[in-house]
Amino acid sequence: MGARVTLWRTLQTFTVTRIVIALVLLLYLGVDLESGALRPDPVNTETCVFYVLTAAMFALAARWQRRFLIQLGLQIAVDLLVISLLYLAAGGMRSGLGILYLFPLAGAAILAPLVLALFSAAVATLFLLGLNLWQLVIEGRDPPLMQAGLFGAAFFAGVLMVNRLAARLLKQEELASQRGADLRIQQAINEIVIADVGDGILVVGEDGAVFTGNPAARRMLGLQADAGFLLHAVPAFEPVALAFDAWLAAPDNDKGFVTLKPYREGDGAGDGEAEVRGRRDQPVHLKLRFARVADGSDAAGRSVIFMQDVSAIENQAQQLKLASMGRLTASIAHEVRNPLSAIGHATELLAEDLHGPAELRLLKIVRDNVTRVNRMVEDILQLSRKAQPNGEPVALGPFLEELKAEFCEIHGLAGDIVYIGDPGGSAVRFDPLHLHEVLLNLLNNAVRYASRQPASIRIFPARDAAGRRELHVQDDGPGITPEVRDHLFEPFYTTSSKGTGLGLYLARELCLNNDAKLDYEYRFDPSALGPRKASGRFVITFALE
């Protein structure tokens with residue numbers, strides 16, 4: 001199909017060229033340029049006029065695109081006839097018009113099968129040789145037979161060469177047309193897959209310019225348009241932009257985990273930049289994966305960001321754990337707690353009679369494990385007690401100072417290790433006992449990884465883009481890896497041999513019981529943590545006041 005279109009397009013070009021040649025011949029042979037009148041020679045004038053009209057008819061017929069070989073054969077036949085008449089009227093070889101045969105022969109070599117093209121060359125050659133023989137035998141003149149023979153040889157050689165080149169080019173165009181059709185089909189398939197896939201896909205440049213994105217990416221980011229803005233220019237997308245910059249600096253680490261907080265309508269970069277819809281529901285947890293677009297020369301400078309919304313996965317996993325925990329707490333008091341108390345009491349009685357070092361060490365192991373299991377039971381039972389929180393406002397300033405003093409005394413820390421940001425006169429609605437337990441749990445985790453240098457543990461209030469009050473808890477230790485982050489708030493998941501895996505889960509549940517949210521978000525702080533180094537912080541987001 002592609003070859004037929006190419007042949008018809010070439011034939012149309014051939015007919016336009018014929019009109020130009022016919023007009024030139026008419027002006028050169030049929031019109032007296034000084035007077036502007038037709039020459040008195042009827043053969044040249046009438047032949048040229050006939051050629052112009054026929055060329056115009058051929059140009060119109062070529063648009064019909066029917067009977068290709070018939071149209072081509074008629075056009076070549078008329079070309080050979082007209083050129084032969086003009087050649088004969090001009091006196092033969094010495095007129096120089098024999099060169100005009102190259103036009104129809106080249107067209108035949110390009111458009112016609114090789115046999116038809118060679119036949120056309122044979123007709124032109126036989127006419128030249130026959131005319132020279134006529135002049136030699138009948139008229140007794142001395143025609144240039146050698147020149148006629150050379151013209152004939154040139155006709156055959158030209159037809160063979162042009163025909164082979166045209167056939168090769170036609171095959172290449174057919175192949176290119178087929179590859180183009182396959183590419184269009186593949187592109188259409190890719191567009192369908194990308195549009196329907198659940199993961200978000202963004203194509204970005206090294207400067208953070210977004211070239212395109214699929215519907216899932218627009219839904220996750222809250223975009224009105226899928227391109228035409230910079231990630232760094234939209235404040236709401238700063239976590240994604242910083243994670244992308246960190247990957248460019250260290251391409252081996254091609255994964256990341258970010259949290260997009262709720263933001264207001266129109267938190268774009270200004271006039272002409274991205275229009276974003278404000279998220280009013282809850283933060284979105286995105287797992288990112290980066291890949292560079294390889295073009296062989298590494299000159300494209302474009303990369304692909306794959307985004308997976310893991311919020312729904314986290315909620316589903318939490319519901320499954322809750323279902324199993326509900327069945328466990330129904331019998332845990334009698335089936336576990338009572339035998340545990342008996343084991344603890346027996347251990348205390350044995351400690352009164354045994355005094356050897358080996359026996360005391362074994363009793364200590366039993367006592368420690370009893371304490372650990374008992375703490376786990378207490379945490380599980382506390383989850384089932386949905387106590388109504390105290391809704392009185394809590395002044396953050398005095399509350400945090402008191403908590404800091406208690407925490408430093410428990411762990412024997414210097415007072416400058418824990419830094420508290422200025423809360424001003426702000427207050428939040430949160431049960432003080434619950435908030436105390438949540439923050440104490442977060443601080444206990446922080447002190448395990450902090451360097452214990454001044455201000456290595458920080459607590460500071462803030463506000464998000466939607467106006468909600470937040471409380472950040474951060475240490476200068478290494479950030480949580482994305483693999484651990486996937487299970488951070490799941491019950492019974494822990495990375496410590498002495499942990500129960502219920503501390504963070506219980507802290508989140510207490511926050512939910514007070515209409516607040518507890519989350520862990522990655523952050524990039526070049527001034528404090530080195531260039532492009534990622535860390536993280538726990539964030540308590542309080543209810544809107």
Side-chain angles (χ1 to χ4, degrees), residues 190-204 208 210-227 229 231 234-247 253-265 267-268 274-291 303-322 464-466 468 470 479-490 493 504-505 508 511-512 517-524 534 536-539 541:
N190 291 342
E191 290 178 354
I192 294 174
V193 172
I194 291 175
D196 191 59
V197 73
D199 291 350
I201 299 175
L202 284 182
V203 180
V204 300
V210 177
F211 293 98
T212 186
N214 67 340
R218 293 197 296 271
R219 183 176 63 255
M220 293 176 189
L221 300 179
L223 285 174
Q224 296 284 8
D226 62 351
F229 65 95
L231 282 175
V234 184
F237 303 156
E238 181 182 7
V240 179
L242 293 177
F244 177 66
D245 290 343
W247 170 70
N253 187 14
D254 61 348
K255 295 180 181 179
F257 198 105
V258 298
T259 301
L260 294 186
K261 296 182 180 180
Y263 49 85
R264 296 186 182 93
E265 295 279 345
D267 277 346
E275 291 294 334
V276 297
R277 298 189 301 268
R279 291 188 178 275
R280 301 287 182 180
D281 46 2
Q282 58 184 358
V284 178
H285 308 307
L286 299 180
K287 181 184 288 186
L288 305 181
R289 184 170 62 86
F290 306 95
S303 305
V304 179
I305 303 178
F306 299 93
M307 302 183 296
Q308 182 182 11
D309 187 353
V310 297
S311 303
I313 300 176
E314 290 179 345
N315 294 333
Q316 184 178 7
Q318 185 175 358
Q319 293 301 321
L320 292 175
K321 292 286 181 73
L322 282 175
D464 65 5
R468 294 179 176 90
E470 295 181 342
I480 295 175
T481 63
E483 291 75 14
V484 175
R485 173 62 184 84
D486 289 346
H487 310 281
L488 189 60
F489 294 101
E490 292 183 8
Y493 179 84
L504 290 177
Y505 177 76
R508 173 176 271 192
C511 288
L512 292 175
K517 293 182 177 66
L518 174 62
D519 206 348
Y520 181 86
E521 66 179 32
Y522 287 96
R523 64 188 297 271
F524 298 82
R537 61 189 173 198
F538 287 95
V539 178
T541 304

Would you give the length of the straight line joining atom [atom1] of [X] to atom [atom2] of [Y], rounded to the nearest 0.5 angstrom?
X	Y	atom1	atom2	value
Leu286	Leu221	CG	CG	7.0 Å
Ile201	Met220	CD1	CE	9.5 Å
Thr541	Leu518	OG1	CG	8.5 Å

Output, in order, the C-alpha distance, side-chain angles, deciding distance and verdict of side chain to side chain contact (heavy atoms under 4.5 Å, CB included) for Met307 and Asp309.
-> CA-CA 7 Å; Met307 302 183 296; Asp309 187 353; over 6 Å; no
So, do [X] and [Y] sit near enough that their side-chain heavy atoms are less than 4.5 Å apart?
X	Y	result
Phe244	Val204	yes
Leu288	Val258	yes
Asp199	Arg289	no
Leu504	Phe538	yes

Listed by chain and number, what are the side-chain hydrogen bond (donor to acceptor under 3.5 Å, both in side chains) partners of Gln308, not counting sequence neighbours?
-> none
Identify, with sequence neighbours excluded, every residue that meets ring pair (Phe, Tyr, Trp, His ring centres under 6.0 Å) alongside Phe306.
-> none
How far apart are the C-alpha atoms of Lys517 and Val539, what are their side-chain angles, what is the distance that settles it, and do they pass the side chain to side chain contact (heavy atoms under 4.5 Å, CB included) test?
-> CA-CA 8 Å; Lys517 293 182 177 66; Val539 178; over 6 Å; no
Looking at Ile305, Leu242, Asp245, which hits side chain to side chain contact (heavy atoms under 4.5 Å, CB included) with Leu231?
-> Ile305
